[in-house]
Amino acid sequence: MTILVEKHSGYRAIILNRPDRLNALTSEMGRALLAVLDEAERDADCRAVLMTGAGRGFCAGQDLTEVTPTADRPPDLKPLLDGYNAVIRKLHAIEMPVVCAVNGIAAGAGANLALACDIVLAGKSASFLQAFARIGLIPDVGGTWILPRLVGAARARALAILAEPLPAERAQEWGLIWQAVDDDKLMNEAHALAARLAKQATIGIALTKRALDAAETNTLDRQLDLERDLQDEAARTPDYAEGVRAFLEKRPANFSGKR
Ligand code: T3D
């Protein structure tokens, strides 16, 4: 199995599992990733996802043995990328938080898969490599969209064009990821975070994701209207009532994550 799923209380861990290839992606893995995210979404008890890689790497991007071009026949990358793009869209749309634990090198499509997750932790020995320029390609799987938004135009351009690895601590400093943590603490911290998120107000988090994504293209005017509408939706969830009650009663909230 190239994608493993572990069911934990309240959340699922999704593990890229081709450690001998640094979890390089194949089209089959793209389809499997989408399927396990769909399953997580259908599971009413699943309120968060944790994504990571098996072995010493997170993901080395596209498996280059699957798409080796020949002189007479260039590869048709569009179906392959449509498959990966569906995963990126799903990570944004899925109505629960997605944590990524980057346990080693995240290169090419693997880097941009990690950056599509909501909260990215990385081991201090991990690094992020927009490897595409090294093989004559452009950053894909959302790379050209997410990089300038996270680190600004100048750094995005240099990362994309120079294709040099960015160590995890520098990635945190630049705002590319949430946190770099000691390697030996990474998985414990990532699981603790997923477990904590699984007890939060899931619909409120989902609506927050939607609002932040829409803000990338909205005017202030449109965004204010959207916030009003999504807040109205959030306020109708039982978790809002529970959150306010818990505050007034000076006790921890017991959120259901339901609409
Ligand atoms: O046509 C298209 O490609 C369309 C899609 C594009 C999306 C993309 O993701 S393009 C970018 C593809 N990825 C890369 O170009 C990165 C290639 N890998 C590397 O540059 C290096 O492996 C790393 C910098 C990521 C890690 O280096 P290192 O020294 O830690 O490990 P290694 O020895 O290079 O790799 C370990 C094994 O994994 C090795 O196999 P071996 O020699 O032990 O049998 C290596 O060949 C294999 N491997 C690593 N990356 C890939 C791979 N095999 C296939 N595809 C890979 N991407």
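Owing to the predicted nature of the structure, the values given are computational and were not obtained by experimental measurement. Just the heavy atoms: all of them, side chains too, but no hydrogens, waters or symmetry mates, feed the values below. Read the numbers this way: they start at 1 and go in the same order the structure lists the ligands and their atoms.
- Proximity of a side-chain donor or acceptor of Glu242 to a complementary backbone N or O of Asn254 within less than 3.5 Å is detected.
- Put simply, atom 19 (C) of ligand 1 has no protein non-hydrogen atoms near it, under 4.0 Å away.
- Atoms of ligand 1 found under 4.0 Å from any heavy atom of Leu22 (numbered from 1 in listed order, with element): 22 (O), 26 (C), 31 (O), 35 (O), 36 (C).
- Of all the listed residues (Arg21, Gln62, Gln130, Lys78), Arg21 holds the heavy atom that lies closest to atom 43 (O) of ligand 1.
- For the atom pair Leu34 CG and Asn85 CG, the distance stands at 11.0 Å (nearest 0.5 Å).
- In terms of polar-atom proximity, Leu81 is not counted as a contact of ligand 1, lacking any N or O under 3.5 Å from an N or O of the ligand.
- At least one heavy atom of Arg56 sits closer than 4.0 Å to an atom of ligand 1.
- Residue Lys199 places its NZ atom among 12 or fewer non-hydrogen atoms of other residues, nucleotides or ligands, all under 6.0 Å distant.
- Between His191 and Tyr11, the ring-plane angle classifies as tilted under the 30° and 60° cut-offs.
- Closest to atom 13 (N) of ligand 1 by heavy atom, among Pro69, Gly136, Ala60, Gly61, is Ala60.
- When each of Leu197, Thr208, Val49 is tested with Pro97 by the rule side-chain contact (heavy atoms from CB on, under 4.5 Å), just one qualifies, namely Leu197.
- Note that atom 45 (C) of ligand 1 has no protein non-hydrogen atoms nearby, at separations under 4.0 angstrom.
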Handout entry: Stepwise salt bridge (Lys or Arg N to Asp or Glu O under 4.0 Å) test for Arg31 and Glu28
Key = CA-CA 5 Å; Arg31 287 190 293 275; Glu28 178 270 323; over 6 Å; no

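- The N/O atoms of Ala109, backbone and side chain alike, include one that comes under 3.5 Å of an N/O atom in ligand 1.
- Atom CD of Gln231 has 12 or fewer neighbouring heavy atoms from other residues, nucleotides or ligands inside a 6.0 Å radius.
- When heavy-atom distances to ligand 1 are checked against a 4.0 Å cut-off, Asp63 comes that close through both its backbone and its side chain.
- Distance check on atom 29 (O) of ligand 1: every protein heavy atom falls at or beyond the 4.0 Å cut-off.
- The nearest heavy-atom contact from the protein to atom 24 (C) of ligand 1 is Leu129 CD2, 3.9 Å.
- Less than 4.0 angstrom separates some heavy atom of Val67 from each of these atoms of ligand 1: 1 (O), 2 (C), 3 (O).
- For ligand 1, the polar-atom distance check finds no N/O of Leu137 at less than 3.5 Å from any of the ligand's N/O atoms.
- A salt bridge links Asp38 to Lys90: one of the charged nitrogens lies within less than 4.0 Å of a carboxylate oxygen.
- The salt bridge (Lys or Arg N to Asp or Glu O under 4.0 Å) test with Glu95 is passed by exactly one of Lys258, Arg210, Arg47: Arg210.
- Ion pair Lys124/Asp183 not flagged as a salt bridge, since none of the NZ, NE, NH1 or NH2 atoms sits closer than 4.0 Å to an Asp/Glu carboxylate oxygen.
- At the shortest separation from atom 55 (N) of ligand 1 among protein heavy atoms lies Leu64 N, 2.9 Å.
- Between Lys209 and Asp213 no salt bridge is recorded (no basic side-chain N to carboxylate O distance below 4.0 Å).
- Salt-bridge annotation for Asp225 and Arg222: absent, with no side-chain N of the basic residue lying under 4.0 Å from a carboxylate O of the acidic one.
- Set against the non-hydrogen atoms of Ile105, the atoms of ligand 1 under 4.0 Å away are 25 (C).
- Within the structure, ligand 1 has Asp20 among the residues with a heavy atom less than 4.0 angstrom away.
- The atoms of ligand 1 that sit less than 4.0 Å from any heavy atom of Asp140 are 5 (C), 6 (C), 7 (C).
- At a heavy-atom distance under 4.0 Å, only side-chain atoms of Leu77, from C-beta outward, approach ligand 1.
- Less than 4.0 angstrom separates atom 40 (O) of ligand 1 from at least one non-hydrogen atom of the protein.
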